[in-house]
There are 2 protein chains.
Amino acid sequence: MLGSVLPGAPDLDPIDAAILRELGRDARASFARIGAVVNLSAPAVKRRVDRLKRRGVVDGFTVRLDPGATGWGTEAHVEVYAAGSTRPAVMKEAFEQYPEIVAASTVTGDADAVVHVRARDMTHLEEIVERLNAEPFVVRTRSSVVLTPLVRRPDVPVQP
Amino acid sequence: MLGSVLPGAPDLDPIDAAILRELGRDARASFARIGAVVNLSAPAVKRRVDRLKRRGVVDGFTVRLDPGATGWGTEAHVEVYAAGSTRPAVMKEAFEQYPEIVAASTVTGDADAVVHVRARDMTHLEEIVERLNAEPFVVRTRSSVVLTPLVRRPDVPVQP
DNA sequence: TATGAAAACATGCCGGG
DNA sequence: CCCGGCATGTTTTCATA
């Protein structure tokens, strides 16, 4: 099997997967409640979660916010076309300066990077795009503004 | 002010913002620890969190997983070009069938929707794209495969 | 797995702005 | 009246064995 060659992808135990699914649904659930679902005692669940954290499978726990309710309802995907062979590290450093950038990655295809931007409104979004265009390594950008969010899930699937 | 017209965006109290920032950092932190940061007692923090949940600002709590460590290291943005005037609801229903789709939205620009796909490997990704192309309403797709993730943040910013 | 001490949580009541 | 602090009974966590 290919998967087990990778040092960090040890075919996830089905019980671990169940625990991760529960944590995905409610990361503040008590170990006892999770244990009730997966048929394990609370300490057993805690040990598994600790192990998953140690292995780096679990990176942490966060709150899921409603973007609209917090006043960050405007969203866009911005394709960035970079100069010559701009190093990814350069782009990373630049993008990290923007609190409005919630995700960014280099990609294959016409553009060099795709940036996911959240803003308070269109004016704010426009300002961000302008600032991006003013970055020294940016040649041009191409934006797609989100009209209707259709699907939004915990961003790593856990096999059932 | 424009913001206060929206029923769900009541200029977030600075203490609430601080609490949300802490929860974003570690959603399993005890109310007492959060209270120590924001200078409030544990019950006071709990009441505020409950209120934020009631208002819909807080949607829940989830676990943050390392995609690589779980064997879902391949990622792509797929632009979907849909037939005629396909209703968003139709796309939504279709996309929801795919566990590999972690986000999707209709957008402005050339394409009609952008779909964020996570897969185990390239073969898996290819299969998903083929299945998408086979959807009745899909005219064509255009994929950007992620090379290097640069930024990944809790997907709603909280103003400091 | 089980157990017991320590910590965290939920709730009711009261005071101050 | 809203909001925060305190006190208490209950549950959960966590380190033993």
Side-chain angles (χ1 to χ4, degrees), chain A residues 8 10-66 68-72 154 156 158, chain B residues 1-66 69-70 154 156-160:
Chain A
D11 316 65
L12 211 53
D13 176 334
I15 300 181
D16 285 341
I19 292 174
L20 293 181
R21 243 176 296 119
E22 283 310 303
L23 286 173
R25 199 204 302 273
D26 176 14
R28 281 188 77 91
S30 74
F31 293 139
R33 239 192 45 69
I34 296 171
V37 176
V38 305
N39 295 313
L40 241 54
S41 72
V45 174
K46 178 189 162 22
R47 269 199 307 264
R48 280 174 177 266
V49 174
D50 286 344
R51 187 158 47 101
L52 290 167
K53 282 199 278 194
R54 204 155 10 90
R55 284 198 210 154
V57 176
V58 168
D59 201 63
F61 305 96
T62 62
V63 62
R64 205 184 321 124
L65 299 176
D66 175 359
T70 50
W72 289 77
V156 181
V158 179
Chain B
M1 357 151 170
L2 262 166
S4 50
V5 176
L6 299 163
D11 317 68
L12 211 52
D13 175 333
I15 299 181
D16 285 341
I19 291 174
L20 293 181
R21 244 175 295 120
E22 284 308 305
L23 286 174
R25 198 201 304 273
D26 176 13
R28 279 187 78 92
S30 74
F31 294 139
R33 237 194 41 72
I34 297 171
V37 176
V38 305
N39 295 313
L40 243 56
S41 73
V45 174
K46 178 186 162 22
R47 271 204 294 261
R48 278 175 177 265
V49 173
D50 286 344
R51 187 159 48 105
L52 290 168
K53 282 200 277 193
R54 214 161 357 99
R55 283 199 210 154
V57 176
V58 168
D59 202 61
F61 305 96
T62 64
V63 61
R64 207 184 320 123
L65 299 176
D66 176 358
T70 50
V156 181
V158 179
Q159 64 268 48

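Quick note on labels: first sequence line is chain A, next is B, and so on, each numbered from 1.
Remark: B:R47 is not in phosphate contact with D:dG5, judged by side-chain N or O atoms under 4.0 Å from OP1 or OP2. The phosphate of C:dC9 has neither OP1 nor OP2 within less than 4.0 Å of any side-chain N or O from B:K46. Applying the 4.0 Å criterion to OP1 and OP2 of D:dT12, one finds that A:R33 has every side-chain N and O outside that range. Distances shown here put every side-chain N or O of B:S41 at or beyond 4.0 Å from the OP1 or OP2 atom of D:dG4.
Considering only heavy atoms from C-beta on, A:L52 stays 4.5 Å or farther from B:V63 through its side chain.
In summary, A:D26 and A:R33 do not engage in a salt bridge, as defined by a charged side-chain N under 4.0 Å from a carboxylate O. Between B:K46 and B:D50, at least one side-chain nitrogen of the basic residue sits less than 4.0 Å from a carboxylate oxygen of the acidic one, meeting the salt-bridge criterion.
Computed from coordinates, the A:R28 CZ to D:dT11 P distance equals 18 Å when rounded to whole Å. Separating the CZ atom of B:R51 from the P atom of D:dC1 is a distance of 17 Å, rounded to the nearest angstrom. The CG-C1' distance, from B:L40 to D:dC6, rounds to 14 Å in whole Å. Between the CD1 atom of A:I34 and the C1' atom of D:dT11 there is a distance of 15 Å, given to the nearest Å. If you take CG of B:D50 and C1' of C:dG12, they are 15 Å apart, rounded to a whole angstrom. The separation between B:R54 atom CZ and D:dC2 atom C1' is 12 Å, rounded to whole Å.
Within 4.0 Å (heavy atoms only), A:A42 reaches no atom of the nucleic acid at all.
The side chain of B:S30 lies closest to C:dC9 when the candidates are C:dC9, C:dT11, C:dT3. In the set D:dG4, C:dT11, D:dT12, the nucleotide with an atom closest to the side chain of A:A32 is D:dT12. Comparing atom distances between the A:F31 side chain and each of C:dC9, D:dA15, D:dT13 picks out D:dT13 as nearest.
Residues B:R64 and A:F61 approach most closely at NH2-O, 4.0 Å, considering heavy atoms.
Environment of CZ in B:R28: crowded, with over 12 heavy atoms of neighbouring residues, nucleotides or ligands closer than 6.0 Å.
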